Amino acid sequence: MKGPNATAWLAARDWKPFAFQRQVWTAMARGQSGLLHATTGSGKTFAVWLGALQALIDAKRLKADAANSSKTASTEIVVPDAHPNPHAQPNAAPLTVIWITPMRALAADTLRALKEPLTEMAPHWSAGARSGDTTSGERSAQDRRLPTVLVTTPESLSVLLSRADAADNLGRARLVVVDEWHELMGNKRGVQTQLAVARLRHLNADLMVWGMSATLGNLDVAQHTLLGPGRDGVLVQGKTPKRLTVDTLLPPRTDRFPWAGHLGISMLPQVVEEIERSGNTLVFTNTRSQAELWYQALLDARPDWAGLIALHHGSLDHGVREWVEAGLKSGALRAVVCTSSLDLGVDFLPVERVLQIGSPKGIARLLQRAGRSGHAPGRPSRITIVPTHALELIEGAAARDAVAAGHIEAREVPQQPLDVLVQHLVTVALGGGFMPEALLHEVRSTAAYAQLSDADWAWCLAFVRQGGEALGAYPDFHRVQVDANGVWRVPDARLARRHRMNIGTIVSDASMAVQFVGGARLGQVEESFAARLKPGDCFLFAGRLLELVRVHEMTAWVRRAQGQRPAVPRWNGGKMPLSTTLADAVVDQLELAADGRHSSPELRAAKDLLAVQSEWSALPTRHHLLAEVLHSREGTHLFLYPFAGRHVHLGLGGLIAWRVARHSPTTFSIAVNDYGFELLSPTHTDWAELLPQVLRNAESDKALQQEVLDSLNAGELAQRRFREIARVAGLVFQGHPGEQRSSRQLQASSRLFWEVFRQYDPGNRLLHQAEQELLALELDMARLQTALARMNQQTLMLHTLERPTPFAFPLMVERFREKFSNENVAQRIARMVAQLEKAADGPSRRKARDKSQSPEGEDEGDVQAVLDTLDFGRDSPVSRRTGDRRPRRERKPPRPLPPL
DNA sequence: GACCTGCTGCGGCCTG
């Protein structure tokens, strides 16, 4: 009688196991934990799953086998007959495997994939999924008895851990698998997963832990973070990634290609042509509104594609998204315009072609998206970057070189987020209660809290017990109480329920449902967008032109509309900066161009533009820091290009403005993008003299950090971070399902806690955490330090400009947006572009020089006229930066320093 | 609360 045998199972399907699959089986048979790194669709799920079946069904015997066997032992492990009674389900084996995925849809897909070998290899095992999608029927069945294999999410697992019988039920688990670990490890969901794994390991010391991850720059850290410090594991490298092509869709005429912008609609004809030529195509965009606009533009260009192309992003209703995913799987859809929503999940898409509109932002992200194509055997993956402005041409070549060199971003891991720990303490108190010393030991066995101090631990305990120092008078925050035996529990049923409803670490902005009157739900728009619409107004959403009928109880009721020029919803999403890896690769390309080596098609396409940049100023390189100064009627513009990503540029800009303002009181406005930033002062500023002084390194990292905090409106920024922390820590209740509370209500309550703590409990660790998160996540402090240090090594090249260069122009455009409606900006930019193009024409180089002798030159005058219409006079100070989710960026002169 | 270009992801109540 044959038991589970992975090799046989694969052989029956004509599959030969890969070497990495055998490695996983051997390791699992020995009871080892590990991390499997493999590309999507390479068979990693089966590797782990078949290995698990083999290893777990008769563990005792297998252990003996493994002990007796040499390293080269066969992995064809045979165990005794496994009671193949198909009707045995109600008596199925108890919970043995917990399989965690980051997405509900992926949980469902995974369950389907796992079930197939299950019926054959372990008929006495049952399998089921538990997530927010699970119906109440399944739920109550699971409450009586969990399946042998439970496929779930980190949040649902935490909810299970909060049940009073958690130890009995979950303590039986012998294997935890975390799929897509790279998606979780870098955020608080990953920390929550670490804590859950530690809990399970506490319940069963022999627990095996396996992770699966896509390509990362720091796999060792990924493994260490999952398994816990000081725990050995196996790192299995999956099948070598298939061949990958990174190329760029070049515009037909690069001399007419926009210098700034993000939409890229000018590339529409070429994109249509690519889709026409290819099989199924995924068109990735960087934002949801961009996806909406591109979908519409494609339909306008090809009305016959109605029904053949679709739209997919995170604010569309699940029903809509599932329909699109099904269309992709069946091959019915020719193209789907999407955002990161299709980065993960949806197994085995038959996608042939992947287009990336706009900057890919990072190499890991590019690889992930590229991996969506070329699933057919022998076919390479291919991703084509569609540049939206001239400098993005260079990103294509840069990305290709970085991929070839194997430069991939590392993923940073959160350290000791106390809000997550506080939540976990209440969860465990609910799940049967805890004794503090034992739990501390368990918590310290995770990578995130290995260094947790006794003081922090004591603070967290006090916080769940009486809300810390400030909230002692409020029974709602006496969540955990110590019983007569010294066990910490949650006795109050109402608080228990409230906690279970609040489990998780994802915090999103309040949104409003969009629904047809008497019909289907379409998705979600942000409350703030809906608030600006009046009944009768039109907007573009879910690929349709809609008219708002009314807003009622957090739902925007709509009907189809025609004609009218619509608004496009904007979502206040995250803003990923260009990664260090990709930014460095871009600088390398500029270096090549500076040497006259235009070896790639992209560089050749950008050659004229780069020539203009060199002619009017210079090209930034690894060893040269480019600074440009332009005097206009607005004042003095400084453009600086550290290539450190938008977050760092904001911090650096603020820092430099702060340092200058200490010498001479001035008001600056700041504009940033991923390549550099602009500082504009209304008065004359002598940057040639000032810049070398204010660029200096700080005395210490600590001092630099303080300067950056001082230079920003740090209090307000930290308060916004605190909002999320308050929700994760369970201070702010988000309401019952279906009873959405408006963002105003939530805002008000988190603000109240912020103020109460500041006043009555300034030592509150959550306040400190908000500041730390602000520094680490929003200001990218570590990267800022590196960038500043590097700038100090570089040779400063300061060029005085006659007109904005190709590098400076996008920064100026960035600033215009805040003053005018889009249309006005478009018109004004069109005029500026026309002027600049004239000046940039071949023969114009001489003209440009001539004009420097006659500043009244025609072109010069017109550019100035354009700038003048922008009205950044002294009376209308530019106050706010766009796209930063930051408060006012105005630099108030600090109080004069006391004499030394 | 502030954003206007700005991703993704989760969970939960009540009653019989």
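Proteins get letters first, then strands, A, B, ... in listed order; numbering begins at 1 in each. Being a predicted model, the structure only gives us computed values, none of them experimental.
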Undergrad: Please determine if a side-chain N or O atom of A:Arg130 lies less than 4.0 Å away from the OP1 or OP2 oxygen of B:dG11.
TA: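 It does not, given that no N or O in the side chain of A:Arg130 lies less than 4.0 Å from OP1 or OP2 of B:dG11.
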Undergrad: From the list B:dT8, B:dA2, B:dG11, which nucleotide is the closest neighbour of the side chain of A:Glu716?
TA: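 So the nucleotide nearest the side chain must be B:dA2.
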Undergrad: Tell me yes or no: between the side chains of A:Ser156 and A:Arg130, is some donor less than 3.5 Å from an acceptor?
TA: no
Undergrad: Just checking A:Arg321: base, sugar-phosphate only, or nothing, at a heavy-atom cut-off of under 4.0 Å?
TA: sugar-phosphate
Undergrad: In whole angstroms, how far is the C1' atom of B:dG1 from the CG atom of A:Leu752?
TA: 15 Å
Undergrad: At less than 4.0 Å, is any side-chain N or O atom of A:Arg189 found next to OP1 or OP2 of B:dC10? Yes or no.
TA: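 Checking B:dC10 against A:Arg189, no side-chain N or O comes under 4.0 Å of OP1 or OP2.
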Undergrad: Do the side chains of A:Arg751 and A:Glu755 get close enough for a salt bridge, i.e. N-O under 4.0 angstrom?
TA: yes
Undergrad: With sequence neighbours excluded, tell me which residues meet ring-ring contact (aromatic ring centres under 6.0 Å, His included) with A:Phe539.
TA: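 Per chain and number, A:Phe539 pairs via ring-ring contact (aromatic ring centres under 6.0 Å, His included) with A:Phe529.
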Undergrad: Does A:Ser156 place a side-chain N or O at less than 4.0 Å from the phosphate oxygens OP1/OP2 of B:dG11?
TA: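 Result: yes.
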Undergrad: In terms of the nearest nucleotide of DNA chain B, which residue is placed more toward the 5' end: A:Lys361 or A:Ile503?
TA: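 Nearest nucleotide further toward 5': that of A:Lys361.
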Undergrad: Which part of the nucleic acid does A:Thr153 contact within heavy-atom distance under 4.0 Å: base, sugar-phosphate only, or nothing?
TA: sugar-phosphate
Undergrad: With the threshold set at 4.0 Å, does a side-chain nitrogen-carboxylate oxygen contact exist between A:Glu395 and A:Lys361?
TA: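 Looking at A:Glu395 and A:Lys361, the cut-off is not met.
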Undergrad: Taking atom types as they are modelled, would you say the side chain of A:Arg646 forms a donor-acceptor pair with the base of B:dG6 within the 3.5 Å cutoff?
TA: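 Per atom types, the contact qualifies.
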Undergrad: Once you round it to whole Å, what is the distance between P of B:dG11 and CG of A:Leu157?
TA: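 For the pair A:Leu157 CG and B:dG11 P, the rounded distance is 11 Å.
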Undergrad: Could you state the atom-to-atom distance from CZ of A:Arg500 to P of B:dG11 in whole Å?
TA: 15 Å
Undergrad: Looking across every strand, which nucleic acid part, if any, lies under 4.0 Å from A:Arg498 by heavy atom: base, sugar-phosphate, or nothing?
TA: nothing
Undergrad: Let's see if you can work this out: which of B:dC7, B:dG11, B:dG9 has an atom nearest to the side-chain heavy atoms of A:Met576?
TA: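 For the A:Met576 side chain, the nearest candidate turns out to be B:dC7.
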Undergrad: Taking atom P in both B:dC3 and B:dC7, compute the distance separating them and give it to the nearest angstrom.
TA: 16 Å
Undergrad: Which one, B:dG9, B:dA2, B:dC7, comes nearest to the side chain of A:Met103?
TA: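 The closest nucleotide is B:dG9.
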Undergrad: Side chain of A:Met501 only, please: which of B:dC13, B:dG1, B:dG11 is the nearest?
TA: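 For A:Met501, the side-chain atoms sit closest to B:dC13.
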Undergrad: Taking atom P of B:dG1 as reference, at what distance in whole Å does atom CZ of A:Arg570 sit?
TA: 23 Å
Undergrad: Charged N to carboxylate O under 4.0 angstrom, A:Asp419 versus A:Arg727?
TA: no
Undergrad: How close or far is atom C1' of B:dG9 from atom CD1 of A:Ile506, stated in whole angstroms?
TA: 4 Å
Undergrad: Name the residue closer to the 5' end of DNA chain B, choosing between A:Ser289 and A:His313 according to the nucleotide with the nearest heavy atom.
TA: A:Ser289
Undergrad: Which of the following nucleotides, B:dT8, B:dA2, B:dG12, is nearest to the side chain of A:Arg139?
TA: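 When the side chain of A:Arg139 is considered, B:dG12 is the closest of B:dT8, B:dA2, B:dG12.
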Undergrad: Rounded to the Å, how far apart are A:Glu526 CD and B:dA2 P?
TA: 15 Å
Undergrad: What's the closest nucleotide to the A:Glu183 side chain, out of B:dT8, B:dG12, B:dG6?
TA: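 Of B:dT8, B:dG12, B:dG6, B:dT8 is nearest to the side chain of A:Glu183.
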Undergrad: Report the distance from atom CD of A:Glu724 to atom C1' of B:dG1, rounded to the nearest whole Å.
TA: 13 Å
Undergrad: Base, sugar-phosphate alone, or nothing: which one does A:Ser158 contact when heavy atoms must sit under 4.0 Å apart?
TA: nothing
Undergrad: Out of B:dA2, B:dC10, B:dG12, which nucleotide sits closest to the side chain of A:Ser508?
TA: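 Looking only at side-chain atoms, A:Ser508 lies closest to B:dC10.
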Undergrad: Under 3.5 Å, side chain of A:Glu180 to main-chain N/O of A:Ser213, donor-acceptor pair present?
TA: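 Not at all, since once roles are kept as given, no pair shorter than 3.5 Å links the two residues.
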Undergrad: Can we say A:Lys188 and A:Glu773 salt-bridge, meaning some charged N sits less than 4.0 Å from an Asp/Glu carboxylate O?
TA: yes
Undergrad: Could you go over nucleotides 14-16 of chain B and give all protein N or O partners under 3.5 Å, atom names and distances?
TA:
none

Undergrad: Here's a test for you: under side chain to side chain donor-acceptor pair (under 3.5 Å), which of A:Gln368, A:Arg365, A:Arg372, A:Arg369 qualifies with A:Asp343?
TA: A:Arg369
Undergrad: Counting only heavy atoms not in A:Gln142, do more than 12 fall under 6.0 Å of its CD?
TA: yes
Undergrad: In whole Å, I'd like the distance from the NE2 atom of A:His424 to the C1' atom of B:dG11.
TA: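 After rounding, the reported distance stands at 17 Å.
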Undergrad: Establish whether the base of B:dC7 is bridged to the side chain of A:Ser340 by a donor-acceptor pair shorter than 3.5 Å.
TA: yes
Undergrad: In whole angstrom, give me the gap between the C1' atoms of B:dA2 and B:dG6.
TA: 14 Å
Undergrad: Starting the side chain at C-beta, find the nucleotide from B:dT8, B:dG12, B:dC10 nearest to A:Arg104.
TA: B:dC10
